[in-house]
There are 2 protein chains.
Amino acid sequence: MERSLRYYELHAEVCKTFGHAKRLMVISTLRDNELMVTEISERTGIDISNLSQHLHVLRDKGLVSTRREGTKIYYQLSHPNIGKALDLMSAFLDQSISKSQDLIKKS
Amino acid sequence: MERSLRYYELHAEVCKTFGHAKRLMVISTLRDNELMVTEISERTGIDISNLSQHLHVLRDKGLVSTRREGTKIYYQLSHPNIGKALDLMSAFLDQSISKSQDLIKKS
DNA sequence: CAACTATTTTATAAAAAACTTTAAATATTT
DNA sequence: AAATATTTAAAGTTTTTTATAAAATAGTTG
């Protein structure tokens, strides 16, 4: 299927957003419930300020959305498929690549 | 599901590899057939040298493999699931995000 | 075999992008 | 104003990407 450069760029933007361990951890903690920033920080061990910057990236790409309650801001995945997409990637990782041999180098 | 930092790092490595428009284009051209470097270059418009650098990244992560024939080197996806994984990402992109509104900003 | 062509890779340096840290700033409620 | 929760700004570091030129590899020809 022929696609535009623009399409690949958009696609790459999203992939890039998943391309950081901390962001994947954040997404993972938000899979089952919404959480406020300090809670995400506690569960992932990411420092609040740095976390906030990663949350900004995620929100900028539309992967998470927010809800304010007083001074607290609750983050949630903006679409359940986001978690599913990562599951598929994981399954792909586990089965197709890592398993047969340690093909994923650069470790 | 609780996962190790190491796991997220590996996962992120693969996502990061998909996180560049040129590499997505390369993967796309290799979906149905293996191609030699010059052919990939013609079809994608990526300059040979730069292309070779991106192919190196893809091979380094185990996403493509090669076969030599004289001076030519043919590249192929190392696993058909790689294309499928991107399809799922595309479907996700098309349906879940882009469609409802233009959530993917930073354009 | 030496020279030559075709194909691909690599080395290097510069430019651009992403990430982290620290400190300061911004809401919001009490 | 003080306390809490979160974001932003700025500076510095690291990583990634690109462009250019040179090198490597394999095959061909005189």
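Below, chains carry the letters A, B, ... as their sequence lines are ordered, and counting in each starts from 1. Small disclaimer: the values here were computed from a predicted structure and weren't measured.
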(request) Name the nucleic acid region contacted by B:Ser52, choosing base, sugar-phosphate or nothing; use a 4.0 angstrom heavy-atom cut-off, strictly under. (result) base
(message) Any side-chain to backbone donor/acceptor pair from B:Ser41 onto B:Ile46? Under 3.5 Å, distance only.
(response) yes
(message) Without decimals, in angstroms, what is the distance between B:Gln53 CD and D:dT18 P?
(response) 8 Å
(request) May I ask you to list the residues of residues 20-35 of chain A, by number, that have any heavy atom positioned under 4.0 Å from an atom of DNA chain D? (result) none
(message) Can you measure A:Leu51 atom CG to D:dA5 atom P for me and round it to whole angstrom units?
(response) 14 Å
(message) Would you say A:Lys16 places a side-chain N or O within less than 4.0 Å of OP1 or OP2 belonging to C:dA18?
(response) yes
(request) With sequence neighbours left out, write down each residue that passes salt bridge (Lys or Arg N to Asp or Glu O under 4.0 Å) with B:Arg67, or none if nothing qualifies. (result) B:Glu34, B:Glu69
(request) Could you tell me the separation between the CD1 atom of B:Ile73 and the C1' atom of C:dT7, rounded to a whole number of Å? (result) 8 Å
(message) Could you work out, with salt bridge (Lys or Arg N to Asp or Glu O under 4.0 Å) as the rule, every residue matching B:Glu39, not counting sequence neighbours?
(response) none
(request) For the pair B:Lys22 and B:Asp47, find out whether any cationic side-chain nitrogen is under 4.0 Å from an anionic carboxylate oxygen. (result) no
(request) Whole angstrom is fine here: how far is it from OH in A:Tyr74 over to C1' in D:dT6? (result) 13 Å
(message) Looking at A:Ser52 and A:Ile48, would you say the former's side chain and the latter's main chain have a donor-acceptor pair under 3.5 Å?
(response) no
(request) In whole angstrom, give the distance that lies between atom CG of B:Asp47 and atom P of D:dT18. (result) 10 Å
(request) Rounded off to whole Å, could you give me the CD-to-P distance for the A:Glu9 and C:dA17 pair? (result) 12 Å
(request) Answer with yes or no whether the hydrophobic clustering places A:Leu77 together with A:Val57; edges join I, L, V, M, F, W, Y residues whose side-chain heavy atoms lie under 4.5 Å apart. (result) no
(message) Whether the side chain of B:Arg59 engages the backbone of B:Val64 through a donor-acceptor N/O pair (distance < 3.5 Å, no angle test) should be reported.
(response) no
(request) For the pair A:Arg23 (side chain) and A:Thr17 (backbone), establish whether a donor and an acceptor sit closer than 3.5 Å, ignoring hydrogens and angles. (result) yes
(request) Under 4.5 Å between side-chain heavy atoms, chaining through other members, with only Ile, Leu, Val, Met, Phe, Trp and Tyr counted: pull out the rest of the cluster around B:Tyr74, sorted by chain and number. (result) B:Met36
(message) Using whole Å, what does the distance between atom C1' of nucleotide D:dT17 and atom CG of B:Leu58 come to?
(response) 14 Å
(request) Indicate yes or no for a side-chain donor-acceptor contact from B:Ser78 to the backbone of B:Leu63 under 3.5 Å, with no hydrogens or angles considered. (result) yes
(request) Write down the distance between CG (A:Asn50) and P (D:dA9), rounded to a whole number of angstrom. (result) 16 Å
Close N or O pairs between protein and nucleotides 21-29 of chain D (under 3.5 Å):
residue: D:dA21; atom: N6; partner: B:Ser49; partner atom: OG; Å: 3.3

(message) Taking only side-chain N and O atoms of B:Tyr75, does any of them lie within less than 4.0 angstrom of OP1 or OP2 on C:dT9?
(response) yes
Nucleotide N/O to protein N/O under 3.5 Å, stretch nucleotides 11-14 of chain D:
none

(request) Return no unless some side-chain N or O of B:His54 is found under 4.0 Å from OP1 or OP2 of D:dT16. (result) no
